[in-house]
Colleague: 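Shown below is the structure under consideration.
We count ligands from 1, going down the list as the structure has it; atoms in each ligand are counted the same way.
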Amino acid sequence: MLIILLGPPGAGKGTQAESIVKDYSLVYISTGDILRAAVKEDKELGRKAKHYMDQGSLVPDELVVEIVKDRLKDPDCQNGALFDGFPRTVEQAKFLDEALPEIGSMVDGVLLIEVDEDELIERLTGRRVCSKCNAVYHLKFNPPEVRNVCDQCGGDLYQRDDDSIETVKERLEVYKKQTGPLISFYKDKNVLYPVDGNEDISSVYKKIKAVLDKL
Ligand code: AP5
Ligand code: MG
């Protein structure tokens with residue numbers, strides 16, 4: 001099964017992905033996580049991408065497509081994958097359409113998680129992420145048991161550089177302009193499944209599960 005998580009920054013893609021990959025045994029591919037790891041490790045990819053990420057802009061398609069091309073070559077992708085934050089432009093979606101037949105796969109479903117803008121801003125500015133395993137928390141909505149410590153691996157939690165209010169606003173605009181067109185792109189292919197993401201984490205997951213169990 002190959003699933004794409006689509007939705008604005010803060011919609012809960014990474015949060016819901018944690019449960020989906022466990023229940024459906026899918027390989028998790030988050031271009032955002034891969035890029036942040038490259039920045040942290042000071043790799044060439046990270047040095048090229050950092051400036052765009054800090055501004056809240058998209059990293060150029062060529063760089064992102066290379067990441068995904070490399071990842072899809074890994075044998076574990078043969079059994080399906082969960083994409084989070086990719087594709088992000090129509091160009092990236094077209095690349096994926098060309099690359100998937102090579103590994104005998106196709107897009108089974110695109111879950112569009114929809115959340116009101118005020119809620120997105122509150123979620124992003126209160127988010128904390130584990131520096132070791134990337135688990136996602138929220139100071140108010142999903143706090144860890146011990147302050148600033150990951151429940152799953154004991155790693156330290158940090159605030160993402162792009163979660164400042166100014167950068168969040170820019171990311172929301174970039175989503176509308178550059179990623180918004182993917183909604184009709186996948187609707188036309190009859191693989192788009194909108195999910196109301198405004199409710200609490202477990203209620204949203206129930207709706208996602210209802211969709212995935214029918215695919
Ligand atoms: P990326 O890492 O993909 O970030 P994003 O798309 O902006 O999405 P987020 O990770 O911010 O939100 P999310 O939906 O995962 O929400 P989360 O579950 O964390 O990309 C970062 C940057 O990398 C981009 O700006 C770009 O520069 C670059 N990039 C990445 N991919 C690219 C690509 N393909 N092309 C070009 N550039 C690319 O939840 C948010 C918060 O809300 C958390 O605190 C969580 O605990 C809380 N929460 C979640 N669900 C709920 C709920 N139901 N109720 C209450 N709180 C909730
Ligand atoms: Mg995320």
Side-chain angles (χ1 to χ4, degrees), residues 4-21 28-40 45-46 48-69 71 82-96 111-116 118-130 134-144 150-151 157-164 167-180 182 195-208:
I4 292 170
L5 288 175
L6 185 62
K13 302 181 297 292
T15 301
Q16 298 297 337
E18 288 176 26
S19 305
I20 299 171
V21 292
Y28 179 53
I29 304 177
S30 157
T31 43
D33 282 356
I34 295 170
L35 287 165
R36 276 185 293 278
V39 171
K40 198 173 159 190
L45 169 67
K48 285 183 184 161
K50 188 176 183 324
H51 161 77
Y52 299 100
M53 296 169 80
D54 285 348
Q55 285 188 332
S57 317
L58 293 186
V59 172
D61 288 336
E62 312 85 75
L63 285 181
V64 179
V65 158
E66 275 312 307
I67 297 175
V68 175
K69 244 187 207 167
R71 187 64 184 88
L82 178 70
F83 279 103
D84 167 358
F86 180 89
R88 250 333 207 267
T89 61
V90 171
E91 278 312 304
Q92 293 178 17
K94 287 183 178 163
F95 153 77
L96 193 62
L111 290 163
L112 170 64
I113 308 180
E114 297 174 301
V115 176
D116 298 339
D118 289 352
E119 173 75 13
L120 292 172
I121 292 174
E122 194 176 0
R123 286 186 188 181
L124 289 168
T125 49
R127 170 166 57 189
R128 295 292 182 274
V129 183
C130 176
N134 293 320
V136 184
Y137 296 88
H138 191 280
L139 294 177
K140 188 163 132 194
F141 303 132
N142 184 25
C150 178
D151 294 345
L157 305 188
Y158 76 102
Q159 183 167 27
R160 270 171 48 176
D161 289 343
D162 59 351
D163 277 348
S164 66
T167 316
V168 161
K169 286 187 176 162
E170 176 61 18
R171 286 161 61 204
L172 291 170
E173 284 310 306
V174 166
Y175 172 79
K176 282 182 214 157
K177 282 196 201 121
Q178 294 183 259
T179 309
L182 285 182
V195 171
D196 180 358
N198 285 292
E199 292 173 34
D200 62 70
I201 295 171
S202 61
S203 305
V204 176
Y205 187 57
K206 274 188 200 137
K207 291 183 200 165
I208 289 178

Colleague: State the atoms of ligand 1, each with its element, that fall below the 4.0 Å cut-off from a heavy-atom position in G14.
Modeller: 13 (P), 15 (O), 18 (O)
Colleague: I would like to know whether E170 and Q55 meet side-chain contact (heavy atoms from CB on, under 4.5 Å); could you show each step before the answer?
Modeller: CA-CA 8 Å; E170 176 61 18; Q55 285 188 332; 5.8 Å; no
Colleague: State the atoms of ligand 1, each with its element, that fall below the 4.0 Å cut-off from a heavy-atom position in Q92.
Modeller: 33 (C), 34 (N), 35 (N), 36 (C)
Colleague: Answer yes when R123 and E119 have at least one side-chain N-carboxylate O distance shorter than 4.0 Å, and no when they do not.
Modeller: yes
Colleague: Identify the two heavy atoms, one from M53 and one from V39, that lie closest to each other, and give their separation to 0.1 Å.
Modeller: SD-CG2, 4.2 Å
Colleague: Could you identify the single nearest non-hydrogen protein atom to atom 12 (O) of ligand 1 and state the distance to 0.1 Å?
Modeller: G10 N, 2.8 Å
Colleague: Short list, please: which atoms of ligand 1 are under 4.0 Å from a heavy atom of F141?
Modeller: 55 (C), 56 (N)
Colleague: Is the closest N or O pair between R36 and ligand 1 shorter than 3.5 Å?
Modeller: yes
Colleague: Counting distance only, does the side-chain N/O of T167 pair as donor-acceptor with the main-chain N or O of G56 below 3.5 Å?
Modeller: no
Colleague: Numbering the atoms of ligand 1 from 1, which are under 4.0 Å from a heavy atom of E199?
Modeller: 52 (C), 53 (N), 54 (N)
Colleague: When you look at V64 and F95, which way does the side-chain contact (heavy atoms from CB on, under 4.5 Å) test go after all the steps?
Modeller: CA-CA 11 Å; V64 179; F95 153 77; over 6 Å; no
Colleague: Could you work out, with side chain to side chain contact (heavy atoms under 4.5 Å, CB included) as the rule, every residue matching I67, not counting sequence neighbours?
Modeller: I34, L35, L45
Colleague: Considering non-hydrogen atoms of the protein only, which is the closest contact for atom 8 (O) of ligand 1, and what is the distance?
Modeller: K13 NZ, 3.1 Å
Colleague: Do me a favour and list the nearest non-hydrogen protein atom to atom 10 (O) of ligand 1 with residue, atom name and distance?
Modeller: R160 NH1, 3.0 Å
Colleague: Which of the atoms in ligand 1, numbered in the order shown and given with their element, are less than 4.0 Å from a heavy-atom of V64?
Modeller: 33 (C), 34 (N), 35 (N), 36 (C)
Colleague: So for ligand 1, is R127 a polar contact partner (N or O within less than 3.5 Å, distance only)?
Modeller: yes
Colleague: Sort out for me which residue in V136, V129, L157 forms a side chain to side chain contact (heavy atoms under 4.5 Å, CB included) with C150.
Modeller: L157
Colleague: Starting from atom 24 (C) of ligand 1, what is the nearest protein heavy atom, named by residue and atom, and what distance separates them?
Modeller: R88 NH2, 3.2 Å
Colleague: Heavy-atom distances under 4.0 Å decide this one: backbone, side chain, both or neither, for L35 against ligand 1?
Modeller: side chain
Colleague: Would the distance check show the side chain of Y28 and the main-chain N or O of D84 forming a donor-acceptor pair, the cut-off being under 3.5 Å?
Modeller: no
Colleague: Could you check whether R171 pairs with D163 (Lys NZ or Arg NE/NH1/NH2 to Asp/Glu carboxylate O, under 4.0 Å)?
Modeller: yes
Colleague: L124 heavy atoms, cut-off 4.0 Å: which ligand 1 atoms fall inside?
Modeller: 11 (O)
Colleague: Counting only N and O atoms by type, is there a donor-acceptor contact under 3.5 Å from the side chain of Q16 to the main-chain atoms of I201?
Modeller: yes
Colleague: To which protein heavy atom is atom 27 (O) of ligand 1 closest, and what is the distance rounded to 0.1 Å?
Modeller: S57 O, 2.6 Å
Colleague: Using side-chain contact (heavy atoms from CB on, under 4.5 Å), reason through L111 and L6 one step at a time and then give a plain yes or no.
Modeller: CA-CA 6 Å; L111 290 163; L6 185 62; over 6 Å; no
Colleague: Which one of V115, V168, T125 satisfies the side chain to side chain contact (heavy atoms under 4.5 Å, CB included) criterion with L120?
Modeller: V115
Colleague: Under 3.5 Å, N or O to N or O, is G56 touching ligand 1 that way?
Modeller: no
Colleague: Under the rule for salt bridge (charged side-chain N to carboxylate O under 4.0 Å, His left out), what residues qualify as partners of E114, not counting sequence neighbours?
Modeller: none
Colleague: What are the atoms of ligand 1, with element, lying closer than 4.0 Å to any heavy atom of H138?
Modeller: 44 (O), 46 (O)
Colleague: Name the closest protein heavy atom to atom 16 (O) of ligand 1, giving the residue it belongs to and the distance to 0.1 Å.
Modeller: G12 N, 3.2 Å
Colleague: Could you check Q159 against R128 for side-chain contact (heavy atoms from CB on, under 4.5 Å), going step by step and ending with a plain yes or no?
Modeller: CA-CA 5 Å; Q159 183 167 27; R128 295 292 182 274; 3.6 Å; yes
Colleague: Looking only at N/O atoms, are A11 and ligand 1 under 3.5 Å apart anywhere?
Modeller: yes
Colleague: At under 4.0 Å between heavy atoms, is it the side chain or the backbone of T15 that contacts ligand 1, or both, or neither?
Modeller: both
Colleague: Give me the nearest non-hydrogen protein atom to atom 54 (N) of ligand 1 as residue plus atom name, then the distance to 0.1 Å.
Modeller: R123 NH2, 3.3 Å
Colleague: Under 3.5 Å between any N/O of D84 and any N/O of ligand 1: does that happen in this structure?
Modeller: no
Colleague: Pairs of nitrogen or oxygen atoms closer than 3.5 Å, one from V204 and one from ligand 1: do any exist?
Modeller: no
Colleague: Within this structure, what is the CD-CD distance for the pair E62 and E66, rounded to the nearest 0.5 Å?
Modeller: 9.5 Å
Colleague: Among all the protein's non-hydrogen atoms, which is closest to atom 44 (O) of ligand 1, and how far away is it?
Modeller: Y137 O, 2.7 Å
Colleague: Number the atoms of ligand 1 from 1 as they appear, then name those within less than 4.0 Å of a heavy atom of T31, with their elements.
Modeller: 30 (C), 31 (N), 32 (C), 33 (C), 34 (N)
Colleague: Side chain or backbone of A17 under 4.0 Å from ligand 1, or both, or neither, by non-hydrogen atoms?
Modeller: neither
